[in-house]
There are 2 protein chains.
Amino acid sequence: MTADLEESARKLLEVVPIIMQDIRSEMRRRRLLDLTVPQFRVLAFVNRNEGSSLWEVASHVGLTPPSTSRLVDGLIARGLMARNDHPADRRRVRLTVTGHGLAILEASTQGTVSYLANKLSGVDADDREAIDKAVEALRTVFATSTSVVT
Amino acid sequence: MTADLEESARKLLEVVPIIMQDIRSEMRRRRLLDLTVPQFRVLAFVNRNEGSSLWEVASHVGLTPPSTSRLVDGLIARGLMARNDHPADRRRVRLTVTGHGLAILEASTQGTVSYLANKLSGVDADDREAIDKAVEALRTVFATSTSVVT
DNA sequence: TTATATAGTTAGAACATCTAATTATTAGAA
DNA sequence: TTCTAATAATTAGATGTTCTAACTATATAA
């Protein structure tokens with residue numbers, strides 16, 4: 001039983017980096033929008049979580065707060081995000097995505113999604129269903145786990 | 001129909017980086033073996049493809065040849081890989097994994113696999129099956145695609 | 001009110017990756 | 001055959017990402 005579990009894990013460990021690399025390459029290929037994967041993830045997270053603190057963002061993307069701070073600096077410098085004071089706690093920061101940031105995020109998402117959708121179009125219905133189900137299951141398993149490395 | 005495809009792609013795009021980040025964090029956490037994800041992938045690939053050329057490795061991991069060359073330098077300096085002449089084509093290089101490299105690779109794989117297996121143990125049998133099937137399908141879709149970015 | 005904890009940034013170092021240029025070798029065409 | 005073009009790999013230099021450690025500012029609690 002355990003052997004089977006490990007076999008699943010082994011294959012997952014093989015495939016995930018390949019897909020990730022493919023996504024990364026695709027994002028790099030379309031230079032127009034020019035977002036790295038972490039930048040993209042930060043934008044997407046803050047967009048879904050308006051007013052996030054830096055620490056929340058760092059936790060989600062799995063970077064340290066200083067790294068995240070710099071990354072955010074870059075996005076702010078490009079006008080994609082804004083950093084404001086938190087009304088209740090002045091140590092804290094409220095991060096938001098600007099209109100321009102949202103436009104870039106959506107264009108970037110759409111481009112990458114189209115690319116992936118095109119890949120998935122070569123998969124038969126049965127496997128597609130399995131992929132949807134697997135993605136859902138994997139999300140619940142991994143979603144909560146991401147934390148800052150110390 | 002296309003909308004559905006895109007929805008699958010969108011969720012894949014959300015989950016894959018999360019899993020990847022989790023794997024990365026886990027590998028970093030166990031410092032003992034001290035392999036980055038690309039280093040790990042190079043070792044694993046060369047182990048499965050004894051005598052690969054640099055270009056083949058670069059294609060697989062999705063790095064440029066110069067980057068791959070440097071990465072390999074590091075692995076060789078640590079005694080994990082060896083670089084030899086190709087008998088037929090002297091421009092080419094024959095990369096191999098040393099005994100020590102194999103030991104490190106296996107220990108690193110085992111550690112990460114155990115970690116992932118542990119995560120997967122929280123998934124019910126039905127979803128586990130979907131994951132296995134999905135991983136298989138995704139591998140065939142993405143396996144051939146990885147190429148050097150230019 | 002002082003000590004401690006929390007949120008975030010700055011500073012500096014290490015590393016990874018890229019592009020461009022270089023060297024060596026092979027394959028193909030004149 | 002000999003010259004040219006293509007291929008394989010590396011070197012050099014620049015850029016960017018991420019880390020750890022130290023610092024500032026604010027909040028909480030003794």
Side-chain angles (χ1 to χ4, degrees), chain A residues 17 20-21 24-25 27-29 31 34-43 46 49 51-78 81-96 146-150, chain B residues 17 20-21 24-25 27-29 31 34-43 46 49 51-78 81-96 146-150:
Chain A
M20 193 63 226
Q21 188 58 52
R24 208 184 299 277
S25 299
M27 291 187 71
R28 207 173 281 153
R29 207 169 287 134
R31 275 219 188 287
D34 224 14
L35 291 178
T36 65
V37 170
Q39 287 171 338
F40 174 82
R41 294 189 66 208
V42 166
L43 269 184
V46 174
N49 302 84
S52 304
S53 71
L54 188 80
W55 190 88
E56 288 167 334
V57 175
S59 299
H60 179 259
V61 298
L63 296 177
T64 58
S67 301
T68 309
S69 184
R70 278 209 186 168
L71 190 157
V72 166
D73 281 347
L75 293 174
I76 290 173
R78 286 165 62 186
M81 284 184 58
R83 179 169 13 208
N84 295 300
D85 293 345
H86 190 282
D89 186 339
R90 288 199 305 180
R91 292 170 302 180
R92 217 168 276 193
V93 121
R94 269 181 54 83
L95 297 172
T96 48
T146 317
S147 65
V148 179
V149 185
T150 29
Chain B
M20 193 63 226
Q21 189 58 52
R24 208 184 300 278
S25 298
M27 289 186 72
R28 208 173 281 154
R29 207 168 290 134
R31 273 215 191 291
D34 224 15
L35 289 178
T36 65
V37 170
Q39 286 171 339
F40 174 81
R41 293 188 68 210
V42 165
L43 268 186
V46 174
N49 301 85
S52 303
S53 71
L54 187 80
W55 189 88
E56 288 167 335
V57 175
S59 299
H60 179 259
V61 298
L63 298 177
T64 58
S67 301
T68 309
S69 184
R70 278 210 187 168
L71 190 158
V72 166
D73 281 347
L75 294 175
I76 289 173
R78 286 166 62 188
M81 284 184 57
R83 181 167 14 205
N84 296 299
D85 294 345
H86 190 283
D89 186 340
R90 289 199 305 181
R91 291 171 302 184
R92 215 167 279 191
V93 120
R94 269 180 55 85
L95 297 172
T96 49
T146 319
S147 64
V148 179
V149 185
T150 31

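Labels below follow one simple rule: chain letters A, B, ... track the order of the sequence lines, proteins then strands, and each chain is numbered from 1.
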Answer yes or no: does a side-chain N or O of [X] lie under 4.0 Å from OP1 or OP2 of [N]?
{"X": "Ser53(B)", "N": "dA8(D)", "answer": "no"}
{"X": "Ser67(B)", "N": "dC18(C)", "answer": "yes"}
{"X": "Arg92(B)", "N": "dA8(D)", "answer": "yes"}
{"X": "Ser69(B)", "N": "dA9(D)", "answer": "no"}
{"X": "Thr64(A)", "N": "dT18(D)", "answer": "no"}

Take the protein atom [atom1] of [X] and the nucleotide atom [atom2] of [N], then report the distance between them rounded to whole Å.
{"X": "Gln21(A)", "N": "dA16(C)", "atom1": "CD", "atom2": "P", "answer": "15 Å"}
{"X": "His86(A)", "N": "dA27(D)", "atom1": "NE2", "atom2": "C1'", "answer": "13 Å"}
{"X": "Leu54(B)", "N": "dA24(C)", "atom1": "CG", "atom2": "P", "answer": "18 Å"}

First of Ser52(A) and Gln39(B) reached from the 5' end of DNA chain C, by closest nucleotide: Ser52(A)
What distance do Glu56(A) atom CD and Asn49(A) atom CG have between them, rounded to the nearest 0.5 Å? 7.5 Å
From NE2 (His86(A)) to CG (Leu95(A)), nearest 0.5 Å: 11.0 Å
Any N or O donor-acceptor pair linking the side chain of Arg70(A) to the base of dT10(C) at under 3.5 Å? no
Ignoring hydrogens and angles, does a donor from either the side chain of Arg90(B) or the base of dT25(C) sit under 3.5 Å from an acceptor on the other? no
Taking all heavy atoms of Ala58(B) and all of Thr68(B), pick out the closest pair and write down the distance. CB-OG1, 3.3 Å
Considering only [options], which nucleotide approaches the side chain of [X] most closely?
{"X": "Arg91(A)", "options": "dC19(D), dT6(C), dA24(C)", "result": "dT6(C)"}
{"X": "Val93(A)", "options": "dT11(D), dT9(C), dT17(C)", "result": "dT9(C)"}
{"X": "Pro66(B)", "options": "dA20(C), dG8(C), dA27(D)", "result": "dA20(C)"}

Per nearest nucleotide of DNA chain D, the residue lying toward the 5' end, Pro38(A) or Asp89(A), is Pro38(A)
What contact category does Thr36(B) fall into here, base, sugar-phosphate, or nothing, at under 4.0 angstrom with non-hydrogen atoms? sugar-phosphate
Have a look at Arg83(A) and say if it touches a base, only the backbone sugar-phosphate, or nothing, with a 4.0 Å heavy-atom cut-off. sugar-phosphate
Under 4.5 Å between any side-chain heavy atoms of Val93(A) and Ser53(A), yes or no? no
State whether Asp73(A) and Arg83(A) are salt-bridged, where the test is any N-O pair (Lys NZ or Arg NE/NH1/NH2 against Asp/Glu carboxylate O) under 4.0 Å. yes
